[in-house]
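Take a look at the structure below.
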Amino acid sequence: MSSDDFPTPGWEERFPEPLKFLPVAFIVAMIVGLYSIYVTFHLKPRMEDPGSSGSAYFDAFIFHLVTFMLVFCYILCVFVHPGTIP
């Protein structure tokens with residue numbers, strides 16, 4: 001069985017209704033909002049404090065790594081075709 005037996009549907013076939021992107025836009029807005037709040041009100045003040053800047057940079061690195069993985073997986077969830085029943 002080859003991959004040609006199950007053709008991948010095109011963009012118009014997979015996303016016929018633009019209103020179906022509202023939940024996607026909501027999740028993106030939540031990620032951006034929470035990201036900006038955490039960076040602005042938690043990480044930035046800790047990085048400016050000389051006593052806690054070392055751990056703040058470590059926290060920032062881990063936070064950005066996890067956020068990158070979240071965004072990457074979410075993009076894959078939205079745009080990768082889930083497949084068909086053989």
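All figures in this text were calculated on a predicted structure; none of them were measured in a lab.
- Each salt bridge (Lys or Arg N to Asp or Glu O under 4.0 Å) pair with one or both residues in residues 65-79, not counting sequence neighbours, would appear here, but there are none.
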Taking distance alone, no hydrogens or angles, what donor-acceptor pairs closer than 3.5 Å link side-chain atoms of residues 19-38 to residues at least two apart or in another chain?
residue: Tyr35; atom: OH; partner: His64; partner atom: NE2; Å: 2.7
residue: Ser36; atom: OG; partner: Val32; partner atom: O; Å: 3.2
residue: Ser36; atom: OG; partner: Gly33; partner atom: O; Å: 3.0

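- A salt bridge (Lys or Arg N to Asp or Glu O under 4.0 Å) check over residues 62-78, counting only residues at least two apart or in different chains, returns nothing.
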Side-chain polar contacts of residues 65-75 - donor-acceptor pairs under 3.5 angstrom, sequence neighbours left out - could you list them?
residue: Thr67; atom: OG1; partner: Phe63; partner atom: O; Å: 2.7

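- The side-chain hydrogen bond (donor to acceptor under 3.5 Å, both in side chains) analysis of residues 53-63, with sequence neighbours excluded, yields the pairs Arg46-Ser55, Arg46-Asp59.
- Annotation: salt bridge (Lys or Arg N to Asp or Glu O under 4.0 Å) contacts involving residues 47-57, sequence neighbours excluded, are absent.
- Taking all atoms of both residues into account, the shortest heavy-atom contact from Thr40 to Pro45 is O-CD, 3.3 Å.
- Contacts classified as salt bridge (Lys or Arg N to Asp or Glu O under 4.0 Å) and involving residues 62-80 (residues at least two apart or in different chains) are not found.
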